[in-house]
Amino acid sequence: MEIKNTLHFKGIILLILVNVISATTFPLTKDLLGSLTPSTLIATRFVIAAGVFSPNLRNINALLFRDGTLLGLLLFFFLAIETIALKTIPANRAAFIGSLNVLIVPLLGWLSGKPILLKTFLASVVAVLGIGIMFWEGGELGIGDLLMLVDAFVYAVYILFLERVASRHPTLTLTSVQLLFIAGLGILWNNTQIIDQFQVIEQHWGPILYLALLATAAVIWLQTLAQQWVSSEETALLYTLEPLFATMFSFWLLGEHLGIRGVIGAILVLVALFLSQSPQKIEPKAKIEVQSS
């Protein structure tokens, strides 16, 4: 039990680190999309990341290849949809809609027959409320909002599937298969644009290398490692820290003020995280079980 708790804590720390890294990518991605097409940015990121991780592609079996390509397909669609959506809506609005996966993950798990801790579901509701207070600006829903809603579903499926397969395979190899598959899809989507925009890529090699090596390869590997020890519901909940960290970086680096709404929203997100980690006193009553008809 002590070893299990230690690994669980280690997984939480890794996912918090993933959120910190991911939070730094919003301004970089937004800036690069002013010069590069979404397909060029994704193809470049993953070609570099896959090249660095390629030595880990030895000893691949059929099951690992299947799981890795399915994860890669889900992650590719998630990144492609998110990148396209960020061309049409503000990042803060996208962050709020994307955070809805914290509710979608436990609901999809429940539909598939997985019991849900009541405290986890309540914490998810509080977290979404907090992010909504921080970021939601109202207004009519557009195509970018709908794309981000689809994106939240896609990432929820990714988190659930990763939880199921992460413990089956070596994490570095599973990550490498994902990176290689996404790189291939990115090149197909990009066609020849990456050649036409090569000069622009050279001008922005610093941010692109950061996105490729740290915010892509390292993040995917760390999440794959962490989800061996942390449930999908907790993983989704921890990802609500990403917009919170993004707001903090905007304050430190750009001088943007958080404001009263931001403070209230941030407090609610932190309350949700503490609620999710509180001791469960009465286990049978704290679960939402699937009722058989």
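Worth saying up front: this structure is predicted, and the values here are computed from it rather than measured. Computation of the quantities below employed the complete heavy-atom set of this structure, encompassing side-chain atoms and omitting hydrogens, waters and symmetry-equivalent molecules.
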According to a hydrophobic-cluster definition based on side-chain heavy atoms being under 4.5 Å apart (Ile, Leu, Val, Met, Phe, Trp, Tyr only), do [X] and [Y] belong together?
{"X": "V47", "Y": "L57", "answer": "no"}
{"X": "F46", "Y": "L214", "answer": "yes"}
{"X": "F53", "Y": "F65", "answer": "no"}
{"X": "I60", "Y": "I182", "answer": "no"}
{"X": "L73", "Y": "W221", "answer": "yes"}

Check whether more than 12 heavy atoms from other residues, nucleotides or ligands sit under 6.0 Å from atom [atom1] of [X], and answer yes or no.
{"X": "F161", "atom1": "CZ", "result": "yes"}
{"X": "R164", "atom1": "CZ", "result": "no"}
{"X": "Q199", "atom1": "CD", "result": "no"}

Heavy-atom check, side chain of [X] versus side chain of [Y], under 4.5 Å:
{"X": "N190", "Y": "I42", "answer": "no"}
{"X": "L36", "Y": "I208", "answer": "yes"}
{"X": "T235", "Y": "Q223", "answer": "yes"}
{"X": "L63", "Y": "H169", "answer": "yes"}
{"X": "L237", "Y": "P106", "answer": "no"}
{"X": "I81", "Y": "F153", "answer": "no"}

As an exercise, state the distance from [atom1] of [X] to [atom2] of [Y], rounded to the nearest 0.5 Å.
{"X": "L180", "Y": "T175", "atom1": "CG", "atom2": "OG1", "result": "12.5 Å"}
{"X": "S167", "Y": "L174", "atom1": "OG", "atom2": "CG", "result": "10.5 Å"}
{"X": "D196", "Y": "T37", "atom1": "CG", "atom2": "OG1", "result": "9.5 Å"}
{"X": "L17", "Y": "L238", "atom1": "CG", "atom2": "CG", "result": "12.0 Å"}
{"X": "L185", "Y": "S39", "atom1": "CG", "atom2": "OG", "result": "12.5 Å"}
{"X": "F198", "Y": "T44", "atom1": "CZ", "atom2": "OG1", "result": "9.0 Å"}

Kindly give the heavy-atom pair with the smallest separation between [X] and [Y], and that separation in Å.
{"X": "H204", "Y": "P207", "value": "O-CD, 3.2 Å"}
{"X": "L15", "Y": "A226", "value": "CG-CB, 3.7 Å"}
{"X": "L268", "Y": "G130", "value": "CB-CA, 3.7 Å"}
{"X": "V105", "Y": "A236", "value": "CG2-CB, 3.7 Å"}
{"X": "S35", "Y": "V200", "value": "CB-CG1, 3.6 Å"}
{"X": "V269", "Y": "A127", "value": "CG2-O, 4.0 Å"}

Please answer whether the main-chain N or O of I195 pairs with a side-chain N or O of T192 as donor and acceptor at a distance below 3.5 Å. no
Using modelled atom types only, decide if a donor and an acceptor are shared between the side chain of Q197 and the backbone of L41 within a distance under 3.5 Å. no
Any chance the side chains of T173 and N56 put a donor and an acceptor closer than 3.5 Å? no
Within the 3.5 Å criterion, strictly below it, is a donor on Q178 or Y158 matched to an acceptor on the partner's side chain? yes
Do you know which of [options] makes side-chain contact (heavy atoms from CB on, under 4.5 Å) with [X]?
{"X": "T216", "options": "L179, I21, L75, V52", "value": "L179"}
{"X": "I16", "options": "N19, I12, L14", "value": "I12"}
{"X": "R45", "options": "L32, L213, L211", "value": "L211"}

Report the residue from Y239, F77, F76 that forms a ring-ring contact (aromatic ring centres under 6.0 Å, His included) with Y155. Y239
Of the options Q227, Q228, K114, which is the one that meets E163 in a side-chain hydrogen bond (donor to acceptor under 3.5 Å, both in side chains)? K114
